[in-house]
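Just so it is clear, the values below take in all heavy atoms, side chains as well, and ignore hydrogens, waters and symmetry mates.
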Amino acid sequence: MSSPRRRRGRLLSQGTRPCRLTLPRRPAPAAPGRRSMSGNEPRSRTLLLYAVFVAVLAGLAGPGVAAPVNPTARLRIVETRTLWQSPEGGGAQRARFSPDGRWLAWYVSGGQVGLAALDNPDVITATNAPNGSSITDLVWSRQSQLGVCIRTETDAGVVRQVAILHPPAPRLVLVEDTAGAYNVAWRQDGRAIAFSTKTALFHRDLEGEVTVKLLDEQAGWRPRGAPAYEDLVFVGDRVAARAAGTMHWWLIQPGTPPVALGELRGLCPDPERDRLFAVSWQAGPVHIPRGAGIVSFDLAANPPEPSIIVPFDHSDGKIYWLPDIWDATYPTTLRLSPDGRTLSFCGVKVGELSPNTWREFCIWQVPSDGSQEPVPVEQTGNIFKRFDVGETHFIGWRYRIDSAIVLGDLTRHRAWRLPDEFDVQRANTDVLTDRLLVGAARGNDVVLIQLEEAN
């Protein structure tokens, strides 16, 4: 998703907030023959101060006991099967498994949707978008219908629209009254969709064939070429969406006024119980960015007010948690168990000394009513530099302090190290975690990678 304009600086260590180190010093010119980092400070002094600062923040003041390097479980590649190769080099994107585990779909920048049946993956169905269109989005419904957004260049300008594919039928059916659609989301029953244009958010009843405008665009900056709203998700009959270029979320039900939910990192709906869980974006008295604590909205209230499930108030030295501490380009890991009793998330615990040189990045579980503190159910080691999140999995890449590629199961709450030759692209990969099967669109090809636990 498109992220808001990023703040200067970055998170220096897990469990810390971005801040600026200010030390009194006497300005001095750089030594002869040495390059200066700031015009008057030698590189060695800057690096030394930085190293000391990061070391203190990372927890070196703790007991000093070396913690095990996590995760310790490993996977190996059994087979890599090529399903499709580009005849012209490049173009395959967004590989996604259907919810029933029967299909793998992807799209090609030239305007094709590829479809492979997993019980016979050697047979590939290629469906061309109509009128020489290109594909810009691809989303499965829970009923394994495939919704795509298409883009067509005409003499009158660019035309955008939603189309639906019903496997195994190799045909895209255009959805009327969806002109201008940049993205699409499915309602849980598959009978309605939401989509955003450059100017508004819409709801489309597929059975009643009625399209309703939900909310006009918000004033202010947003990335060039972005739609009015992104990260669309249904919460029962309601639609939640983030105003592009911001972290402000809205909740709208057709025929009722919109509700402003505030600045949130990501949402986890519970449509069966009329509630909504969210990771706060900037929380606490100092406004920690990049995920801080978890709140719950009772949607039966008017307006719905957030209640704290996982704390983030550290003003008096309390322990708190930082879920999803990376920036907004990465989806949230917040998940709700099928019975609605337990939440899980990925993040770090802060407010106490760390036993090693980093704060352990974990998969945590917490009762959805907030009656107990989160407990770690899987440890994954140091924070990841790059992160990819799917419906039931995450893949994390880290390059320093125990470099590794890690696969995490957000359903069974497990994590494994992947072999170095594991080659996938972020945002173009999906995983069936119960089968340890990876589908990856890698530009030049689309592959299935079968994994298994190593002895």
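- For the side-chain contact (heavy atoms from CB on, under 4.5 Å) test with I150, the passing option among V113, V162, I135 is I135; the others fail.
- The line from OG1 of T433 to NE2 of H393 is 8.5 Å long, rounded to the nearest 0.5 Å.
- Residues W250 and L214 are not in side-chain contact: their nearest non-hydrogen atoms beyond the backbone lie 4.5 Å or more apart.
- Proximity of V175 to V184: side-chain heavy atoms (C-beta onward) are nowhere separated by under 4.5 Å.
- Proximity of K213 to H203: side-chain heavy atoms (C-beta onward) are nowhere separated by under 4.5 Å.
- Not a single donor-acceptor pair under 3.5 Å links the side chain of R142 to the backbone N or O of D189.
- Smallest separation of non-hydrogen atoms from V389 and P331: CG2-O, 3.6 Å.
- No more than 12 heavy atoms of other residues, nucleotides or ligands shown are found within 6.0 angstrom of CZ on R74.
- Judged by distance alone, with hydrogens and angles left aside, the side-chain atoms of R102 form no donor-acceptor pair with the main-chain N or O of P167 at under 3.5 Å.
- Between I309 atom CD1 and W321 atom CH2 the span is 13.0 Å, to the nearest 0.5 Å.
- Ring geometry for W84 versus W106: interplanar angle of 30 to 60°, hence tilted.
- E217 places no side-chain N or O within donor-acceptor distance of the main-chain N or O of A200, the cut-off being under 3.5 Å.
- When atom types are taken as modelled, the side chain of R442 and the backbone of T429 share no donor-acceptor pair closer than 3.5 angstrom.
- Atom CZ of residue F394 and atom CZ of residue F387 lie 4.5 Å apart, to the nearest 0.5 angstrom.
- Annotation for R191: atom CZ does not count as buried by contact number, only 12 or fewer foreign heavy atoms lying within 6.0 Å.
- Across all non-hydrogen atoms, the minimal contact from W416 to E453 is NE1-CD, 3.5 Å.
- Looking at W249, its side chain never comes within 3.5 Å of a backbone N or O of A240 through a donor-acceptor pair.
- More than 12 heavy-atom neighbours from other residues, nucleotides or ligands sit within 6.0 angstrom of CD on E421.
- Of the possible donor and acceptor atoms, one in the side chain of S368 sits under 3.5 Å from a partner among the backbone N and O of R341.
- Looking at R412 and D434, no side-chain N of the basic residue comes within less than 4.0 Å of a carboxylate O on the acidic one, giving no salt bridge.
- No more than 12 heavy atoms of other residues, nucleotides or ligands sit less than 6.0 Å from atom CG of D420.
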message: As a quick check of understanding, evaluate side-chain contact (heavy atoms from CB on, under 4.5 Å) for T136 and Y182, giving each step before the final call.
response: CA-CA 7 Å; T136 61; Y182 277 70; over 6 Å; no
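- Between Y330 and R265 there is a side-chain heavy-atom pair separated by less than 4.5 Å.
- Separation of atoms CG (L432) and OG (S98) is listed at 8.0 Å; rounding is to 0.5 Å.
- The closest donor-acceptor contact from the side chain of T211 to the backbone of D177 lies under 3.5 Å.
- Side-chain atoms of Y399 and R386 include a donor-acceptor pair closer than 3.5 Å.
- Atom CG of L146 and atom OG of S141 lie 8.5 Å apart (nearest 0.5 Å).
- At least one side-chain heavy atom of W103 sits less than 4.5 Å from a side-chain heavy atom of P168.
- Using a cutoff of 4.0 Å between basic side-chain nitrogens and carboxylate oxygens, D270 and R275 are scored as salt-bridged.
- Only one option out of I395, L451, V447, L75 pairs with V438 in a side-chain contact (heavy atoms from CB on, under 4.5 Å); it is L451.
- The shortest side-chain heavy-atom distance between H413 and S344 falls under the 4.5 Å cut-off.
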- prompt: Is there a side-chain hydrogen bond (donor to acceptor under 3.5 Å, both in side chains) between D445 and T82 once you walk through the steps?
  reply: CA-CA 7 Å; D445 60 17; T82 301; 4.9 Å; no
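- Proximity of a side-chain donor or acceptor of W281 to a complementary backbone N or O of M247 within less than 3.5 Å is not detected.
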task: Show the numbers, then the answer: is there a side-chain contact (heavy atoms from CB on, under 4.5 Å) between I124 and V446?
output: CA-CA 11 Å; I124 305 299; V446 177; over 6 Å; no
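- For the pair Q85 and N444, the minimum side-chain heavy-atom distance is 4.5 Å or more.
- Between atom CD of residue Q93 and atom OH of residue Y107 there is a gap of 4.0 Å, rounded to the nearest 0.5 Å.
- Below 30°, between 30° and 60°, or above 60°: for W364 and F345 the angle between ring planes is below 30°, a parallel geometry.
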- prompt: Can you list the steps and then say if D137 with R160 is a salt bridge (Lys or Arg N to Asp or Glu O under 4.0 Å)?
  reply: CA-CA 11 Å; D137 197 14; R160 297 177 182 270; over 6 Å; no
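- For the residue pair T152 and N131, no side-chain donor N or O sits within less than 3.5 Å of a side-chain acceptor on the partner.
- Considering only heavy atoms from C-beta on, Y229 comes within 4.5 Å of L215 through its side chain.
- No side-chain donor-acceptor contact under 3.5 Å links Q218 to the backbone of A228.
- Under a cut-off of 6.0 angstrom, the local environment of CZ in R171 is sparse, with at most 12 non-hydrogen atoms contributed by other residues, nucleotides or ligands.
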query: Can you check side-chain contact (heavy atoms from CB on, under 4.5 Å) on I449 and V424, steps first, answer last?
result: CA-CA 10 Å; I449 304 173; V424 300; 4.1 Å; yes
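- T333 places a side-chain N or O within 3.5 Å of a backbone atom of C346 that can act as its donor or acceptor partner.
- Taking all atoms of both residues into account, the shortest heavy-atom contact from I363 to R414 is CD1-O, 4.0 Å.
- Shown here for R335 and G390, the closest heavy-atom pair between the two residues is NH2-O, 2.6 Å.
- When all heavy atoms of Q143 and Q188 are compared, the pair lying nearest together is NE2-O, 2.9 Å.
- For the pair R398 and R417, the tightest heavy-atom approach, listed with the atom from each and the gap, is NH2-NH2, 4.0 Å.
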message: Using side-chain contact (heavy atoms from CB on, under 4.5 Å), reason through T332 and L264 one step at a time and then give a plain yes or no.
response: CA-CA 10 Å; T332 181; L264 303 172; over 6 Å; no
